[in-house]
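Each remark here refers to the structure printed beneath this line.
For the numbers below, each heavy atom of this structure counts, side chains included, while hydrogens, waters and symmetry mates do not.
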Amino acid sequence: MEFPDSYFEDEVREGFYISSLMKRAWAAQMEVLEQVQTICERHDIRYFAEWGTLLGAIRHGGRIPWDDDIDLCMLREDYSRFREAAERELTDGCWFMDYRWSDDFDHTIGRIINSRVLVVEGEALEKYHGFPYVAGLDIFCLDELPSDSREEEDYFELVRFLYTLINEIRMDKEGVLPVAPAELERHIRRAEQLCHVSFDRSRPVKQQLYEILERDVEPRYAGTGAGEITSIPWWRRNRAYRLPKACYTSGVKVPFENTEIIVPAGYEELLRRKYGAGWMIPVRGGSAHEYPSYKEQQKFLEEEDAGSLFAFRFSQKEMEETEGSRQRKETLLDKVTGFLPLFHEAHGEICSSVQNGASEQALALLGECQNAAIELGTIIEEERGEGTASVGVLEQYCETMFRLHRMLQEPSPREMDGMTARFSAELSAMEELLSATAAEELKDKKEVVFIPYKTSFWGAMESVWQAAVQDSEYSVVVMPAPYFYKDASGRAKTEEPHYETGYPQGVDLTSYEEYNFESRHPDRIVIQYPYDEYHYGLTIHPFFYAKNLKKYTEQLVYIPPFVMDEAGPEDDRAREMLKAFCNTPGLVYADNVIVQSGQMRQTYIELLTEFAGEETREIWEKKILGLGSPLYDAER
């Protein structure tokens with residue numbers, strides 16, 4: 001299955017941030033879906049999108065932004081045929097999983113996964129688009145319900161009893177059994193009586209209960225002409241969960257991400273029953289598993305010190321070391337004023353030598369001062385060109401040095417009287433004139449460099465750029481960062497980077513090949529790509545990594561390229577995704593981070609403190625500023 005490189009970029013859909021890793025998880029699941037579709041087409045087996053997959057296909061034309069799995073459903077007959085075919089025909093490491101495959105599998109749903117090992121590597125990593133963990137989908141089996149209400153009551157009690165017994169056996173294995181072993185045995189014997197079977201005590205009883213449910217109990221009313229069907233595991237928790245069988249008489253293909261998926265022809269009625277009359281209104285809800293679905297696998301790797309493929313980790317010590325390696329800018333004014341103490345010291349020695357009659361020493365010092373003035377004038381002209389007032393003052397200074405030199409070489413009797421005072425006064429006057437002229441004329445404009453990387457994100461720094469352009473104190477440079485898309489293994493897909501130049505009229509671009517950061521040392525650099533190398537979809541040129549850029553500026557500012565819905569304490573899914581967005585080099589190494597609101601600022605601080613430790617809270621509170629996103633300015 002083909003996906004454009006841009007698919008694996010992180011993005012915001014309907015106010016929800018979706019990480020690049022989640023995009024790769026989606027793509028891996030889509031590969032598994034394609035295998036299911038192929039088998040179903042080959043054997044004329046009906047399948048339908050279910051739950052969030054159904055809702056996403058109809059309401060969003062693809063994935064619900066905060067959904068992380070694929071759910072399908074099949075009628076019992078189709079489910080049984082599919083399982084047999086899947087066990088023979090699944091390829092690329094995929095396999096069908098249900099209660100028969102593992103004592104630890106405590107569901108009656110079917111699951112197809114793409115690997116039997118925790119981490120996907122090698123050719124499989126390429127096949128599944130760089131998603132390094134197990135991916136798959138769930139298939140729910142739909143069974144008919146009895147038409148008679150009294151019969152349904154007896155059936156419901158049987159189903160609930162058997163599932164409760166399974167749960168008791170599972171809990172017994174985990175050592176938290178709420179009933180005594182003798183009581184458990186009594187329940188097992190009752191199940192034998194109700195189902196007219198005898199359990200083989202040498203085999204796991206839980207597995208035998210699942211077998212009875214699947215073989216005899218759940219499909220008990222198949223073919224009876226009942227008008228309603230359900231997923232029995234869901235129905236035993238909620239008897240109101242019952243669906244019109246007529247909705248599943250046929251299917252309709254609808255768009256789903258970069259492919260199509262089949263939904264029941266009666267999907268509107270089904271969605272109304274599942275989600276209520278307002279099913280078209282997006283509401284972020286929970287699910288039956290931890291979000292994201294690969295979270296436990298990530299935790300396992302961290303515990304094993306294997307890490308995650310592109311997980312960024314940092315320490316407060318590393319942050320301090322990076323700050324310590326920062327180069328400091330020397331302006332032209334710094335260079336000029338740096339000479340003034342040397343002149344002052346030399347002038348003092350000249351006056352002292354004159355007073356003590358050491359004419360030869362004074363003459364040598366006058367020559368050195370004149371040479372230093374000529375050198376300083378050359379520096380100014382190289383940076384500012386000819387004709388500056390400062391160079392004129394230095395020329396005047398050299399003339400004064402020459403006159404004092406001749407006065408000292410051939411002094412008249414009249415000049416000898418008060419020569420020391422004369423030298424001191426003229427040298428002090430020149431110091432003051434040079435200092436005042438340099439401070440007035442040689443003050444540099446502050447230079448700010450904006451580094452976007454995609455034209456589509458320019459709006460996230462445009463209003464800040466406009467303000468800098470309109471400020472006479474600033475010299476402004478816009479320099480798009482070259483970027484590379486990554487392959488499944490995290491390597492750049494091409495030798496030549498992507499370099500976007502289609503910015504709005506009036507935005508003058510400077511090529512990264514023409515600008516010398518070390519010599520220019522801009523006062524401020526504004527970035528919007530925060531990940532450096534720690535991203536599953538793309539990376540920028542290593543020179544533009546935040547950790548490196550910090551060396552060449554007095555202030556590194558990061559402005560996120562997205563605006564998203566506020567992630568309050570109750571929005572677990574949004575906060576879980578934001579962890580990948582907050583824990584990035586751009587945010588960690590920036591001097592200031594401009595976020596969309598005060599509430600989002602607080603969310604950033606909480607998530608980073610949770611990750612890095614309470615002792616770092618003060619760092620985040622100082623650097624993260626809830627001043628609002630430039631995207632809001634663009635909207636206005």
Side-chain angles (χ1 to χ4, degrees), residues 48 50-52 54 69 71-80 83 97-100 102-111 138-174 176-179 183-184 186-197 199 204-224 226-245 247-248 270 273-276 285-289:
F48 306 98
E50 177 65 299
W51 292 112
L54 171 61
D69 60 0
D71 293 323
L72 305 177
C73 66
M74 297 178 183
L75 300 176
R76 171 64 66 178
E77 179 185 356
D78 291 305
Y79 179 84
S80 298
R83 186 174 65 186
M97 181 178 179
D98 65 5
Y99 70 89
R100 298 172 304 158
S102 170
D103 291 345
D104 297 325
F105 195 87
D106 288 304
H107 306 282
T108 54
I109 62 173
R111 181 168 292 164
D138 292 335
I139 305 176
F140 294 84
C141 183
L142 301 178
D143 289 291
E144 294 166 284
L145 289 170
S147 301
D148 181 78
S149 59
R150 293 189 62 182
E151 191 173 0
E152 182 186 316
E153 188 68 35
D154 293 338
Y155 182 60
F156 176 74
E157 291 300 326
L158 173 61
V159 168
R160 186 169 65 173
F161 171 72
L162 293 176
Y163 272 103
T164 301
L165 180 54
I166 286 173
N167 194 49
E168 289 179 355
I169 294 173
R170 178 183 64 81
M171 295 174 74
D172 180 40
K173 182 178 179 181
E174 296 175 0
V176 288
L177 179 64
V179 297
E183 186 74 3
L184 178 60
R186 188 174 69 81
H187 291 166
I188 293 173
R189 289 179 181 176
R190 183 177 172 222
E192 289 177 319
Q193 293 171 353
L194 290 172
C195 298
H196 309 290
V197 297
F199 294 126
V205 173
K206 183 183 71 172
Q207 303 300 94
Q208 295 176 71
L209 285 166
Y210 275 134
E211 291 170 6
I212 290 170
L213 278 164
E214 183 183 61
R215 184 185 66 235
D216 300 324
V217 177
E218 293 182 349
R220 179 169 293 182
Y221 296 96
T224 60
E228 292 183 313
I229 60 177
T230 190
S231 170
I232 298 298
W234 283 90
W235 177 72
R236 60 111 177 175
R237 297 189 185 95
N238 176 16
R239 287 185 67 176
Y241 184 68
R242 42 207 313 133
L243 309 167
K245 186 177 180 180
C247 291
Y248 294 92
L270 294 173
R273 293 206 181 196
K274 289 172 180 287
Y275 298 103
S287 67
H289 61 261

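Annotation: side chain of K274 is in contact with side chain of E50 (closest heavy-atom distance under 4.5 Å). Side-chain contact check for L162 versus I166: every heavy-atom pair is 4.5 Å or farther apart. The shortest side-chain heavy-atom distance between Y210 and D98 does not fall under the 4.5 Å cut-off. Contact of the R220 side chain with the L158 side chain is registered, since non-hydrogen atoms from C-beta on lie closer than 4.5 Å. Taking 4.5 Å as the limit, every side-chain heavy atom of V159 sits out of range of all side-chain heavy atoms of P233. Residues I232 and V217 are not in side-chain contact: their nearest non-hydrogen atoms beyond the backbone lie 4.5 Å or more apart.
Comment: R186 engages E183 in a salt bridge, judged by a side-chain N to carboxylate O separation of less than 4.0 angstrom. Using a 4.0 Å cut-off between charged nitrogen and carboxylate oxygen, E157 and R160 count as a salt-bridge pair. A salt bridge is defined here as a Lys NZ or Arg NE, NH1 or NH2 lying under 4.0 Å from an Asp or Glu carboxylate O, and R236 with E218 fails to meet this definition. A salt bridge links R239 and E152; the closest N-O separation between the charged side-chain nitrogens and carboxylate oxygens is under 4.0 Å.
In this structure, N167 CG and L209 CG are separated by 12.0 Å, a value rounded to the nearest 0.5 Å. In this structure, CG in L75 is found 8.0 Å from OH in Y248, a value given to the nearest 0.5 Å. From T224, atom OG1 reaches atom CG of D148 across 11.0 Å, with rounding to the nearest 0.5 Å. To the nearest 0.5 angstrom, Y163 atom OH is 8.5 Å from R237 atom CZ. With values rounded to the nearest 0.5 angstrom, I229 atom CD1 is found 7.5 Å from C73 atom SG. A distance of 12.0 Å separates CD of Q207 from CZ of F199, quoted to the nearest 0.5 Å.
With sequence neighbours left out, R190 forms a side chain to side chain contact (heavy atoms under 4.5 Å, CB included) with F161, L194. Contacts of C141 classified as side chain to side chain contact (heavy atoms under 4.5 Å, CB included), with partners at least two apart in sequence or in another chain: R76, Y79, D143.
Other residues, nucleotides and ligands place more than 12 heavy atoms under 6.0 Å from the CZ atom of R215. Summarising the local packing, CD of E77 is surrounded by 12 or fewer heavy atoms from other residues, nucleotides or ligands at distances under 6.0 Å.
In this structure, Y155 and Y221 have perpendicular ring planes: the angle between them is above 60°, well past the 30° mark. Note on ring orientation: taking the six-membered ring where Trp is involved, the planes of W234 and W51 are tilted (angle from 30° to 60°).
Pairing each heavy atom of S231 with each of L142, the nearest pair is N-CD2, 3.9 Å. Heavy-atom minimum distance, Y275 versus G52: OH-N, 3.4 Å. Of all heavy-atom pairs spanning R242 and R273, the tightest one is O-NH1, 3.0 Å.
Applying salt bridge (Lys or Arg N to Asp or Glu O under 4.0 Å) to R111 and the options D71, D69, D138 leaves one that passes, D138.
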